[in-house]
Enquirer: 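One structure, as structure tokens, below. Some questions next.
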Amino acid sequence: MTFIHLLPDHLINQIAAGEVVERPASALKELLENSLDAGATDISVILNKGGIQKIRVSDNGAGIAKGELSLALERHATSKIASLDELERVASLGFRGEALASIAAVSQLTLSSRHASGVHAWRVAADGGQLSPPEPAAQEQGTTIEVRELYYNTPARRKFLKSEATEFGHCEDAFKRLALSRADVGFSLQHNERVCWRLAAIAESPQQRIAAVLGEDFARSSVMLDESAAGLRLWGMAGLPTYSRGSRDAQYFYVNGRFVRDKLIMHAVRQAYHDVLHLDRHPGFVLYLELDPASIDVNVHPTKIEVRFRDSQAVHRFVFHALNKALASTLQQSVVPPQPSLAATSSTGGAPDFEYRHQQAIPLGVTERSQLYQTLFGQLAKPPLSNQDAPVASVEEEIPPLGFALAQLHGIYILAQNRFGLVVVDMHAGHERVVYEKLKRAMDNRALASQPLLIPVSFPADRLDVTVAEENGEVLSQLGLDVVPLSPTTLAVRAVPLLLKGADVVLLARDVLREIREFGASRALTERSNELLASMACHGSVRANRSLSIVEMNALLREMEATERAGQ
């Protein structure tokens, strides 16, 4: 049996100080992790007013003995580690013994528990950190913690909380992260007396839990992987490029069951997707890395969201190759089989070690090639009557820098000819720069006009995006957007920037809301305005594989010539 005890001073000094509980979601995360560490197989969460008024977490774990209830609310009191050696190989989610004390200091907290060996349950209460003596309570085996009126005694901190909907959105994110970490544990979430999530325990098939949380679209557009090497194991589900997102909201990576956002890991994941995903898109994945706890330090960040690996290069290589292998095997099955090759035969009758393949014909978007130059340059080719002796110079002076379009290559590039030779232009990148510069000028002049939509476009959205749209209508208006909530999970776009009237309005709205959600409205419009406008310009640019006429290609080339930094 493991008992709760105070850590010695020399061990406390080795532990990275935990951050204060900054919002209801922070408290919920700590309480859920305690339940999992206690061996719970069923966890119930009840929230009121986004967790600000009440957070109640009940589990069927091992429970806490009567004599340890008060000690559990002391700082640096824990049952999970007792020595520096155990800290260096900790496998539990919690270990600092600070969370309950921090929560109790800023709330009205009640802790009820029945230990596995106890006859009945006991309860203690804390009001702003002041503890009551234990008293009998009615409860099955396990622990229930109820947190009421968070920050009631620190009004300066409470006023920095966001709206009820925003705080609930953060709580729901924390809930989903923990629910994805343990498919063998049942989870339920209720908010304002309405059941939001009910997830049954699934021990044999974790992908069912993943599909339940991220949706069937993700499950259908992802690949299972399970790779092991040199004491490392990576398993889970990785989204195919067809499931790419405009934000990182579908990225979950776990190290020994702990959700992390580690720079090393994320770099390895980006490298694995590098050749199959456009740079402005983000993959979706739920991946679990397992390794020896002694080879990882989880005590390097106050919120424990970052980790440090003893052999970081080996972990990076393993994650990259395992994920790259899974993606490559799936993508190879979807490509068109190659045409039969023409094998060359040697004079002795054997076949050499190479084979010839016909190069695929390049689709040139041009008709009547024999009359192409006459069509494009016919007028320029006729020298002025007053200068019959200098036709070449006259033609060169009138040919613009990017020349005239000849063809469209693979639906991506414009092939043009100027007086120096051939020019290849990435039509999407070129048009994106043109639109970006126009958006910048319009924003600088506060003249970013809107184009109302004849029929508003509605789309499903998570609660945080709905709240962001509701609270930042003026900011969206400055960007030429009109996005309004239709329900707690649905948004509608009623107007878009006039410069982007041909854009995919749903993707445009999602990306703008993500930027505001991640960095805040003030930063989005000031220090990150260029990044935000660049993202918007991408949506308003011509897409790859869109067929352009010669006239349209020439018009784009002329716009690029008139745009500053169009070659970048």
Side-chain angles (χ1 to χ4, degrees), residues 169-170 172-174 176-177 180 210-211 213-225 234 236-255 259-289 305-306 316 319-320 322-328 330-331 334 428-429 432 436 459-466 468-469 491 503-520 523-524 528 530-541 543-544:
H170 287 290
E172 188 178 37
D173 280 349
K176 290 193 291 186
R177 290 175 183 177
L180 283 171
I210 297 173
V213 175
L214 268 67
E216 290 297 333
D217 285 348
F218 173 80
R220 286 192 297 267
S221 304
S222 61
V223 56
M224 289 292 300
L225 71 151
L234 183 70
M237 299 179 73
L240 297 173
T242 52
Y243 185 78
S244 65
R245 315 272 287 181
S247 64
R248 299 179 179 88
D249 61 345
Q251 297 184 350
Y252 298 85
F253 200 99
Y254 298 85
V255 177
F259 175 83
V260 300
R261 286 201 183 280
D262 186 78
K263 295 178 181 178
L264 175 90
I265 293 294
M266 294 311 298
H267 183 269
V269 172
R270 285 197 303 270
Q271 288 293 101
Y273 278 94
H274 178 71
D275 286 339
V276 296
L277 201 61
H278 194 273
L279 292 178
D280 66 348
R281 305 296 292 173
H282 302 281
F285 53 81
V286 181
L287 297 173
Y288 305 87
L289 178 64
I305 202 168
E306 294 181 9
H316 185 283
V319 172
F320 167 74
L323 188 52
N324 188 61
K325 176 183 176 182
L327 293 172
T330 304
L331 292 174
S334 63
H428 174 73
E432 185 174 331
Y436 171 70
F459 62 95
D462 62 33
R463 290 178 176 84
L464 277 181
D465 277 345
V466 172
V468 168
L491 287 171
D504 184 320
V505 296
V506 173
L507 291 178
L508 173 63
R510 286 187 189 278
D511 276 3
V512 172
L513 291 173
R514 173 188 56 80
E515 189 78 17
I516 297 174
R517 171 174 161 177
E518 188 169 347
F519 298 101
R523 288 187 65 192
R528 288 192 55 83
N530 288 349
E531 289 84 352
L532 177 59
L533 293 179
S535 177
M536 294 173 64
C538 180
H539 291 291
S541 306
R543 314 308 298 176

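Count residues from 1 along the sequence.
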Enquirer: Ignoring hydrogens and geometry, is there a side-chain-to-backbone donor-acceptor pair from Q251 to P283 under 3.5 Å?
Expert: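 Pair found, side chain donor or acceptor close to backbone of P283.
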Enquirer: May I ask you to test the L214-L180 pair for a side-chain heavy-atom distance under 4.5 Å?
Expert: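 Yes. Closest side-chain heavy atoms under 4.5 Å.
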Enquirer: I'd like to know if D462 pairs up with R517 as an ion pair, taking the criterion as any Lys NZ or Arg NE/NH1/NH2 lying under 4.0 Å from an Asp or Glu carboxylate oxygen.
Expert: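 Yes, charged N to carboxylate O under 4.0 Å.
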Enquirer: Is there side-chain contact between L513 and R510, with heavy atoms separated by less than 4.5 Å?
Expert: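 No; the side chains remain at least 4.5 Å from each other.
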Enquirer: Can you confirm whether V213 sits close enough to V286 that some side-chain heavy atom of one is under 4.5 Å from a side-chain heavy atom of the other?
Expert: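 Not touching, per the 4.5 Å side-chain cut-off.
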Enquirer: In Å, rounded to the nearest 0.5 Å, how long is the span from CZ of R220 to CG of L240?
Expert: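 One gets 12.5 Å once the value is rounded to the nearest 0.5 Å.
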Enquirer: Report the relative orientation of the aromatic rings in F285 and F253; use parallel for angles under 30°, tilted for 30 to 60°, perpendicular for over 60°.
Expert: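 Perpendicular: the ring planes of F285 and F253 meet at over 60°.
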Enquirer: Can you tell me how far the NZ atom of K176 sits from the CG atom of D173, to the nearest 0.5 Å?
Expert: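 Here the interatomic distance stands at 5.5 Å.
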Enquirer: Working to the nearest 0.5 Å, report the span between CD1 of I516 and CG of L464.
Expert: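 Reported value, rounded in 0.5 Å steps: 13.0 Å.
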Enquirer: Does the side chain of L289 come within less than 4.5 Å of I265's, by heavy atoms?
Expert: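 Result yes, sub-4.5 Å side-chain heavy-atom pair found.
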Enquirer: Between the side chain of Y254 and the main-chain N/O of R177, is any donor-acceptor distance below 3.5 Å?
Expert: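 Side chain of Y254 to backbone of R177: a pair is present.
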Enquirer: May I ask you to test the M536-V512 pair for a side-chain heavy-atom distance under 4.5 Å?
Expert: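 They are in contact (side-chain heavy atoms under 4.5 Å apart), so the answer is yes.
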Enquirer: Give the C-alpha distance, both sets of side-chain angles, the deciding distance and a yes or no for side chain to side chain contact (heavy atoms under 4.5 Å, CB included) between R248 and M266.
Expert: CA-CA 11 Å; R248 299 179 179 88; M266 294 311 298; 5.6 Å; no
Enquirer: Should V466 and R463 count as side-chain neighbours, where that means a heavy-atom distance under 4.5 Å?
Expert: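 A side-chain contact is absent here, since even the closest heavy-atom pair is not under 4.5 Å.
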Enquirer: So do the side chains of V319 and L287 get within less than 4.5 Å of each other, counting heavy atoms only?
Expert: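 No, every pair of side-chain atoms sits at 4.5 Å or beyond.
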